[in-house]
Amino acid sequence: MENLLDISFIIESFPTILSRLPITIGIAVGSMVISLFIGLATALIKIYKVPVLSVITSIYVSFIRGTPLLVQIYLVFYGIPKVIYYLQIEYGVLLSADVNSISPEMYALMAFSINLGAYLSETIRSAIESVDRGQFEAAKAIGMSPVQMMTKIIFPQALTVAIPNLGNMFISTIKDTSLVFIIGVVDVMGQAKILGSRGLAFFEVYIAVSIVYWILCIVVERLLVRLEKRARRYERGIA
Amino acid sequence: MIKLENIHKYYDSQHVLKGIDLNIHEGEVVSILGPSGSGKSTLLRCINFLEQPTSGTVELDSKKVNAESAGKSEVLALRTATGMVFQQYNLFKNLTVLQNVMVGLTSVKQLKKEQAKETSLEILEKVGLSNRLDHYPAQLSGGQQQRVGIARAMALNPKVLLFDEPTSSLDPELVDGVLATIKSVAEEGKTMLIVTHELQFAREISDRVVFMEDGLIVEEGMPDQMFNYAKMERTNQFLKRSKRSEE
């Protein structure tokens, strides 16, 4: 009798696939953290209309939104070593950087940070702008510096507003990391492909890997709900 | 102590303040009355540069700031020397009652936490909110929020308190509590400048009443004199009509 699925192959492939989970999570979490800084910096550049930089920011955001992530990953992977090499030869800078020692994981992290940073830029900008003007005025009126005002009053409130959006982007990023296999990173997807071609059981390994992503995303969603509740605790009125 | 000279404010082509001169002495309580759109709030906000005056000078404690050349440190000095109470309270939503009062002391004055807390507790006691220290603004009534607003403004021990229609967004039954709090602060001898629509209150609390219309000070004087025998017909009209509506 012909079997639709080799269930035992699916089960056996789990441990090997899961051993690559740290790579997937590492790239997703790492790029999320880095891109928060990129997003914040570019959002502030836009809000304060910093000359020159705000034009560069607009082009950056527009380019990232207008090109496929896959292409961006290739650009980073093939472009950055070339640029570094060129700078070393022509200008004698960055000599301590050894192009060959940069791992594919590092390129993946860079590509995802650059990509996500552009998307977060808009999210963070609109979140900051959604904070009530009175909050800015009250902070100024007691004599806070712009930095104090932002860090103590505005960012915490903006972050609360942005959490649902940031969460959705984080979940998308987790799933998008499945693209990194193309530059040689063996993440859960990469491991699944390897297993699949070894056992000629592609359907089975893709079922296994989709279950891994699915559960991971469910767990993250749960955590996000909790985080949002915690962040919004000050909004709950007496009701 | 505060001296405003020839303050002008334009929003684009709209001339909102048309040359205001005003002197306020130490310990004096001055109310600014006038119809909506007369520029009362704008004038108040020009004193701490929440609105930058287009021209004119603001002098506080013999330090003169010229609107056209005001630097960051000058503006900062004005802001720390004044405390402002807003119509919409504008309490920091992400901070508790205690933190709202403390944050200026710890961040702007850079006091130690214990010291800031001690001062803040004292002030919150005065406005009667010692039992709400860990509440967030959203968990308070409007009246309570505004009393925290007053406490926050007082925390930095400013030379002068600026009240921008402090009771205008309150439910009628909450107004009295806030007015009583303002009164108790006035009785301590704080210098205060109050923009308000509460005429009876202005009459009771003020040493001087200023009547504004159309970006100008029309008339000023002692409260009883203003309410009973205002010189200008327009002032009379305004105060009379408002009196009638209060009855």
Side-chain angles (χ1 to χ4, degrees), chain A residues 36 40 43-44 47-51 123-167 224-239, chain B residues 44-45 47-52 72-73 75-97 99-110 132 134-142 144-145 148-149 152-158 161-162 164 169:
Chain A
L36 270 174
L40 193 56
L44 289 176
I47 288 171
Y48 285 105
K49 300 190 177 75
V50 182
T123 305
I124 293 175
R125 186 179 59 81
S126 63
I128 290 175
E129 284 176 348
S130 77
V131 175
D132 182 14
R133 289 225 50 81
Q135 300 286 308
F136 288 84
E137 290 193 342
K140 285 181 195 163
I142 62 168
M144 281 191 184
S145 68
V147 174
Q148 289 170 335
M149 173 174 79
M150 284 297 177
T151 54
K152 289 179 192 298
I153 309 299
I154 307 303
F155 291 158
Q157 293 186 35
L159 199 62
T160 309
V161 175
I163 284 177
N165 260 328
L166 297 181
L224 283 168
V225 169
R226 265 201 220 169
L227 182 68
E228 196 188 344
K229 249 191 198 160
R230 214 188 116 65
R232 283 188 180 274
R233 70 194 181 285
Y234 63 78
E235 286 179 2
R236 251 171 289 148
I238 0 174
Chain B
L44 202 68
R45 294 156 62 85
I47 296 176
N48 62 2
F49 277 65
L50 278 188
E51 302 285 354
Q52 171 133 12
K72 271 185 197 164
S73 62
V75 171
L76 190 69
L78 277 180
R79 286 178 180 165
T80 42
T82 55
M84 189 167 227
V85 177
F86 296 88
Q87 182 178 351
Q88 303 291 347
Y89 334 128
N90 291 352
L91 294 186
F92 301 129
K93 291 179 196 164
N94 57 321
L95 303 181
T96 63
V97 167
Q99 288 167 337
N100 260 281
V101 182
M102 274 175 68
V103 71
L105 293 169
T106 51
S107 64
V108 179
K109 288 221 167 156
Q110 310 209 315
R132 291 281 186 280
D134 296 324
H135 284 56
Y136 287 99
Q139 300 165 324
L140 301 178
S141 72
Q144 290 170 329
Q145 288 194 52
V148 177
R152 178 178 66 182
M154 285 166 61
L156 294 167
N157 195 22
L161 283 173
L162 309 171
D164 187 7
S169 14

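Naming: A, B, ... by sequence-line order, numbering from 1 per chain. We use all heavy atoms of the structure for the numbers below, so side chains are in, but hydrogens, waters and symmetry mates are not.
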Distance (rounded to the nearest 0.5 Å) between A/Met144 CE and B/Thr80 OG1: 13.0 Å

Portion of A/Ala139 that has a non-hydrogen atom of chain B nearer than 4.5 angstrom: both

Top contributor to chain A interface from B/Val75, B/Leu95, B/Val108 [non-hydrogen pairs under 4.5 Å]: B/Val108

Rounded distance (nearest 0.5 Å) linking atom NZ of A/Lys152 with atom OG1 of B/Thr106: 5.5 Å

Heavy-atom pair of closest approach, residues A/Ala141 and B/Phe86: CB-CZ, 3.9 Å

Check against side chain to side chain contact (heavy atoms under 4.5 Å, CB included), A/Arg233 and B/Tyr136: CA-CA 9 Å; A/Arg233 70 194 181 285; B/Tyr136 287 99; 3.5 Å; yes

Spatial distance of atom CD (A/Gln157) from atom CZ (B/Phe92) [nearest 0.5 Å]: 9.0 Å

B/Met84 side chain reached by A/Glu137 side chain, heavy atoms, under 4.5 Å: no

Donor-acceptor pair, side chain of A/Gln135 and main chain of B/Leu91, under 3.5 angstrom: yes

Top contributor to chain A contacts, counting heavy-atom pairs under 4.5 Å, from B/Pro137, B/Ser107, B/Gly83, B/Gly104: B/Ser107

Spacing of B/Asn100 atom CG and A/Ile142 atom CD1 [to the nearest 0.5 Å]: 8.5 Å

Residue pair A/Lys140 / B/Arg79: nearest heavy atoms and the distance that separates them: O-CD, 3.0 Å

Separation of B/Gln88 CD from A/Asp132 CG (nearest 0.5 Å): 8.0 Å

Side chain, backbone, both or neither of B/Asn48 within contact of chain A (heavy atoms, under 4.5 Å): side chain

